[in-house]
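Here the structure is laid out as structure tokens; the discussion comes afterwards.
Numbering of ligands and ligand atoms starts at 1, following listing order. As the structure is a computational prediction, the values presented were derived from the model and not from experiment.
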Amino acid sequence: MNELLINKTHDEVRQGEAFSPKENSGIKYQKHFYIESYGCAMNFADSEVIASILQKDNIGCTNDSDQADIILINTCSIRDKAEEKIRKRLTEFKQLKKKKPALIIGILGCMAERLKGNLLEEEKLVDLVVGPDAYRTLPGLIEEAETGQKGVNVLLSRDETYADISPIRLNSNGINAFVSIMRGCNNMCSFCVVPFTRGRERSRSAVSIIAECEALFNEGYKEVTLLGQNVDSYYWRDEEAGTNVSFAELMEKVALISPLLRVRFSTSHPKDITDDVLFTIKKYDNICNYIHLPVQSGSTRVLQMMNRTYSREWYLAKFNRIKEIIPDCGISTDMITGFCTETEEDHQESLSLMESCKYDLAYMYFYSERPGTLAARRFKDDVPLETKKRRLQEMVNMHRVHSLESMQRDLGKTFRVLIEGESKKSDQEFYGRNDQNKVVVFPKKNFKKGDYVTVKIEECTAGTLIGKTIE
Ligand code: SAM
Ligand code: SF4
Ligand code: F3S
């Protein structure tokens, strides 16, 4: 195990989910594509952009790979294990292609960008390799592939944001939607492949973001999650109005669409989150009191090698500032164990930082060297795998205690919960999330999906609050 995933949220890295059409619109498409997505929420949001581009070209979506003319895998390169999974899946699809030679198989996303044309060599039966900034060219590349040519486009762009494309919400519950507000990343965390697979940071026009959020609200959606690798550095200049829009201002504009539209966001880089952002969260009830604030390590020496640009003390001061301005703010983190040169003392510092912060939620991984990154070029991946895993397990064990304590602190409290769907365990219960992003389960009564309810918490597990609605 190299990661711990508790609740499904926008912060988690997901592994292979097929999209299915929300409803059959009755349109007869000439061809069908099947898409499977891996990785972060941004990749899932991209799959919805891809669906929109393909449907405009008369290629409809199917959730049955046997029925598909085109199979697309939207891939993730963040850790070696993520790529391994995709390669395994590709082998299965290749069997399908042997039975159906006209089938087109495409690799999209971060792994396509990282490995580029090599994928065509390595994986002989792949027909398409398309990077994250080249999805507009997919229809043309599919046409080429149909004539037997291999289609490759891995050009990264400085300005592509797909701003004008209305994503097609294929797998949606009709309540929560991801809205991409920027692409790429300008930070050079030494362990991270994202700047290489997603290119330079660029912000999407605020006008198009607001329009997308308004349209979602008018369709009945009740929650939007604004997505970027580093949302706090969102910056857009409205040339027409002659004004600039910061992340705090963007969030405010989205919050003002309606008090019934909840706003979430991910991910915040500790170095960039400002008091302005914190006071905006505090000001609006519909901006959720929840911040994903990845720390990565508790050792200043390791943080320096990771190029995170803050020290342990600086991070802790930021953490305390959040709690000072928004006392009930839920805070989660990402942690890496066994980064290059990490000593037992460094590891203890990570554990002691976790002990101080007692995160509500944590995503923990052991370090996986990514070719081409700063760390791979500069440092030796010198912590043995067993040590990385043992340190990870110690961290996971500690976090289990913290997350249970965090849940237990909520016993007896009441929360406003947005109903997202039927609980997995019982058709007599709904589940939703509170402001702090915790999953809450309660009896259905006469409520419906999309309603806001007030729930008093009576019980809990490490991952779920259980309660009853009150008037
Ligand atoms: N932009 C976000 C940030 O700055 O935290 C998220 C980046 S990444 C999609 C999600 C998490 O994966 C990171 O926060 C980090 O903990 C982890 N990660 C990234 N590269 C990794 C690597 N080479 N090995 C292990 N974990 C890694
Ligand atoms: Fe990777 Fe760092 Fe950018 Fe996050 S902020 S995507 S960890 S380089
Ligand atoms: Fe993975 Fe790319 Fe996201 S590497 S985590 S899919 S930006």
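Within the 4.0 Å heavy-atom cutoff, R308 counts among the residues contacting ligand 1. For S77, the heavy-atom gap to ligand 3 drops under 4.0 angstrom. Within the 4.0 Å heavy-atom cutoff, I336 counts among the residues contacting ligand 1. In this structure, F366 counts as a contact residue of ligand 1, since one of its heavy atoms falls inside 4.0 Å of the ligand. For I78, the closest heavy-atom approach to ligand 1 falls below 4.0 Å. A heavy-atom separation below 4.0 Å is not found between M42 and ligand 3. Residue contacts with ligand 2 do not include R198, since none of its heavy atoms lies under 4.0 Å from the ligand.
Here is the list of ligand 3 atoms found below 4.0 Å of a heavy atom in C76: 1 (Fe), 4 (S), 5 (S), 6 (S). Distances below 4.0 Å separate heavy atoms of C110 from the following atoms of ligand 3: 2 (Fe), 4 (S), 6 (S), 7 (S). Taking every heavy atom of R308 and a limit of under 4.0 angstrom, the matching atoms of ligand 2 come to 2 (Fe), 7 (S). Close contacts between ligand 3 and N43 involve ligand atoms 6 (S) [criterion: under 4.0 Å to a heavy atom]. Set against the non-hydrogen atoms of Y365, the atoms of ligand 1 under 4.0 Å away are 12 (O), 16 (O), 17 (C), 26 (N). Proximity to Q296 (heavy-atom distance under 4.0 Å) selects the following atoms of ligand 1: 5 (O), 13 (C), 14 (O), 15 (C), 16 (O).
T75 places a side-chain N or O within 3.5 Å of a backbone atom of L108 that can act as its donor or acceptor partner.
Any N or O atom pair closer than 3.5 Å counts here, and Y367 shares no such pair with ligand 1. Taking only nitrogen or oxygen atoms, main chain and side chain alike, H269 does not reach within less than 3.5 Å of ligand 1.
Both the backbone and the side chain of F191 come within 4.0 Å of ligand 1, judged by heavy-atom distances. When heavy-atom distances to ligand 1 are checked against a 4.0 Å cut-off, E369 has no atom that comes that close, whether in backbone or side chain. Using a 4.0 Å cut-off between heavy atoms, Q229 contacts ligand 3 through its side chain alone, with no backbone atom that close. Looking at Q229 against ligand 1, both its backbone and its side chain come within 4.0 Å, counting heavy atoms.
V254 pairs in a side chain to side chain contact (heavy atoms under 4.5 Å, CB included) with only one of the listed residues (I181, V179, I287, I210), which is I210.
When the side chain to side chain contact (heavy atoms under 4.5 Å, CB included) test is applied to R390, the partners found at least two apart in sequence or on another chain are E344, H347, T387, E394. Listed by chain and number, the residues in a side chain to side chain contact (heavy atoms under 4.5 Å, CB included) with L155 are N153 (sequence neighbours excluded).
Using a 4.5 Å heavy-atom cutoff, the side chains of D272 and Y234 are not in contact.
Pairs passing the side-chain hydrogen bond (donor to acceptor under 3.5 Å, both in side chains) check and including a residue from residues 184-199, sequence neighbours excluded, read N43-R198, D46-R198, N187-K271.
Counting heavy atoms of neighbouring residues, nucleotides and ligands inside a 6.0 Å radius, atom CZ of R377 exceeds 12 of them. Enclosure of atom CZ in R237 by more than 12 non-hydrogen atoms of other residues, nucleotides or ligands within 6.0 angstrom is indicated.
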Applying salt bridge (Lys or Arg N to Asp or Glu O under 4.0 Å), run through E144 and K150 and close with a yes or a no. CA-CA 7 Å; E144 274 178 34; K150 302 280 181 191; over 6 Å; no
Give the intermediate values and the outcome of side-chain hydrogen bond (donor to acceptor under 3.5 Å, both in side chains) for residues N434 and N437.
CA-CA 5 Å; N434 69 4; N437 209 25; over 6 Å; no
Next item on the list: For the pair R321 and E324, evaluate salt bridge (Lys or Arg N to Asp or Glu O under 4.0 Å) and give the outcome as yes or no after the intermediate values.
Entry: CA-CA 5 Å; R321 182 74 178 147; E324 185 187 323; 2.8 Å; yes
Checklist entry - Given R169 and E219, is the salt bridge (Lys or Arg N to Asp or Glu O under 4.0 Å) satisfied, shown in steps? => result CA-CA 11 Å; R169 317 282 162 185; E219 282 171 45; over 6 Å; no
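Metal site remark for atom 3 (Fe) of ligand 3: C40 contributes an N, O or S atom at a distance under 2.8 Å.
Between K85 and D80 there is no salt bridge, since no side-chain nitrogen of the basic residue lies less than 4.0 Å from a carboxylate oxygen of the acidic one. Between D276 and K283, no side-chain nitrogen of the basic residue sits less than 4.0 Å from a carboxylate oxygen of the acidic one, so the salt-bridge criterion is not met.
Within the protein, the number of N, O or S atoms lying under 2.8 Å from atom 1 (Fe) of ligand 2 is 1.
Looking only at atom types and distance, the side chain of H402 has no donor-acceptor partner in the side chain of D360 under 3.5 Å away. No hydrogens or angles considered: nothing links the side chains of T280 and E252 as a donor-acceptor pair under 3.5 Å.
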